[in-house]
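To start, the structure itself, in structure tokens.
Below, read A as the first sequence line, B as the second, and so on, with proteins coming before strands; counting in each chain starts at 1. No experiment lies behind these values; they were computed from the predicted model shown. The figures that follow rest on heavy atoms only: side chains count, while hydrogens, waters and symmetry mates do not.
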Number of protein chains: 2
Amino acid sequence: MTTNHDIFCEALTRSGFAPYGDIIELKNVPDKLINSGKCGRHHDLATLDFGIDGRAGISIFKSELCRFPYQLTLLERHPEGTQAFVPMAWSQFLVIVAPEKDSRPRAFLTKPGQGVNFHRGVWHGVLTPLTEPGLFLVVDRIGDTPNLEEFHLSTPWRVLAG
Amino acid sequence: MTTNHDIFCEALTRSGFAPYGDIIELKNVPDKLINSGKCGRHHDLATLDFGIDGRAGISIFKSELCRFPYQLTLLERHPEGTQAFVPMAWSQFLVIVAPEKDSRPRAFLTKPGQGVNFHRGVWHGVLTPLTEPGLFLVVDRIGDTPNLEEFHLSTPWRVLAG
């Protein structure tokens, strides 16, 4: 039985995700062929923003897996910078975002070869890989000042595969 | 029959690769547990440097595969910035670097879960994935000024699996 606290996954598409961030994926055609024509460069796929006090950094996150139905109990956001996640395996993951912390979230299911870059300040769920190894390359803000707000939901949302 | 123009692959290790760049991989222990303890953050794994006129950008490269023995005929370098490559699949790739453009190159074979970040100005071979899909997340300099030097080798090096 479903309730109005159920959220069904949508496919991750550029138009659906645009208010929340960028999809990091191949374009239809590369911007440039390099390496004597052997390699296509799909150029500058995310709007990066690390504020005045921050700088870009590359990290790896290793996360526990999630399973459907997924109980969403925590949202977070980073007021000082964008945050990009790209799986280090050819795998799908779940991406949850919310227009406001107390509004109805949306859940997107990626395809292999897709990553996301959350705009600065966008409320999102924590990392939710569906398959091993649960490793993500992360490009986000490195800085000394606080950059995390968390919001614990009093009533969890139940995210279903759709 | 091997010749003195053969190069045998080495495993990619921190000490071996240090003169050329950073290895992007999990640390032995994460710097921080996040997401209510469900996720380990392995923090700030590469020294990024995009010069005065550049900025960080995220791109995807899709490259043809290479096979052993690999004929190395081209080296390149980027005088204005570092360049990081991380496979978007759980796969190995070949990394070739050279102390100088006319010196003996070194070839490293990665393990799944490893990427590299070439220091600014380091001579390296073009992207050489060994397995499909040949996709790499790239973090490098976005800028308007030239940032590529190529060197065509008059005598190719032959790179062997080792």
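Interface residue B/Pro87: only backbone heavy atoms are found under 4.5 Å from chain A. Only the side chain of A/Ile142 comes within less than 4.5 Å of a heavy atom of chain B; its backbone N, CA, C and O stay farther away. Contacts between A/Leu74 and chain B at a heavy-atom distance below 4.5 Å involve the side chain alone, from C-beta outward. Within the 4.5 angstrom heavy-atom criterion, only side-chain atoms of A/Leu135, from C-beta onward, approach chain B. A/Glu150 does not touch chain B: none of its heavy atoms, backbone or side chain, sits under 4.5 Å away. Contact of B/Ile34 with chain A is made through the side chain alone, with heavy-atom distances under 4.5 Å. With a 4.5 Å cut-off on non-hydrogen atoms, B/Leu26 touches chain A through its backbone and its side chain both. Heavy atoms closer than 4.5 Å to chain A are found in the side chain of B/Asp140, but not in its backbone. Of the atoms belonging to B/Ala84, it is side-chain heavy atoms, and not backbone ones, that fall under 4.5 Å from chain A.
Between chain B and the residues A/Leu45, A/Ile24, A/Leu33, A/Asn117, the most heavy-atom pairs under 4.5 angstrom are made by A/Leu45. Between chain A and the options B/Glu25, B/Arg55, B/Lys38, the largest number of non-hydrogen pairs under 4.5 Å is found for B/Lys38. Options B/Trp90, B/Phe50, B/Phe136 differ in how many heavy-atom pairs under 4.5 Å they form with chain A, and the most are formed by B/Trp90. Per-residue counts of heavy-atom pairs under 4.5 Å with chain B were compared for A/Pro133, A/Gly134, A/Gly125; the largest is that of A/Pro133. The greatest number of non-hydrogen atom pairs below 4.5 Å with chain A, out of B/Thr47, B/Leu137, B/Asp31, B/Asp44, is found for B/Asp44. The most heavy-atom pairs under 4.5 Å with chain A, out of B/Cys39, B/Pro112, B/Gly115, come from B/Cys39. Among B/Arg41, B/Glu64, B/His42, the residue making the largest number of heavy-atom pairs under 4.5 Å with chain A is B/Arg41. Note on A/Pro129, A/Gly57, A/Ser63: by heavy-atom pairs under 4.5 Å with chain B, the leading option is A/Ser63.
Aromatic ring orientation, A/His124 versus A/His78: tilted (interplanar angle from 30° to 60°).
Tested against A/Thr110 for a side chain to side chain contact (heavy atoms under 4.5 Å, CB included), the candidates A/Leu94, A/Ile23, A/Val95 yield a single pass: A/Val95.
Side chain of A/Arg77 to backbone of A/Lys101: no donor-acceptor contact under 3.5 angstrom is found.
Taking hydrophobic clusters as Ile, Leu, Val, Met, Phe, Trp and Tyr residues chained together by side-chain heavy-atom distances below 4.5 Å, A/Val86 shares a cluster with A/Leu48. The hydrophobic clustering, which links ILVMFWY residues whose side-chain heavy atoms are closer than 4.5 Å, places A/Val138 and A/Phe108 together. B/Leu130 and B/Leu127 are assigned to two separate hydrophobic clusters, defined by single-linkage of ILVMFWY side chains at heavy-atom distances under 4.5 Å. A continuous path of ILVMFWY side-chain contacts below 4.5 Å connects B/Phe85 to B/Phe17, so both sit in one hydrophobic cluster.
Within 6.0 Å of NZ on B/Lys27 lie more than 12 heavy atoms contributed by other residues, nucleotides or ligands. Within 6.0 Å of atom CG in B/Leu148, more than 12 heavy atoms from other residues, nucleotides or ligands are found, so the atom counts as buried in its surroundings.
Atom-to-atom distance recorded for B/Glu10:CD and B/Ile7:CD1 is 9.5 Å, nearest 0.5 angstrom. Residue A/Thr73 holds its OG1 atom at 11.5 Å from CZ of A/Phe151, rounded to the nearest 0.5 Å.
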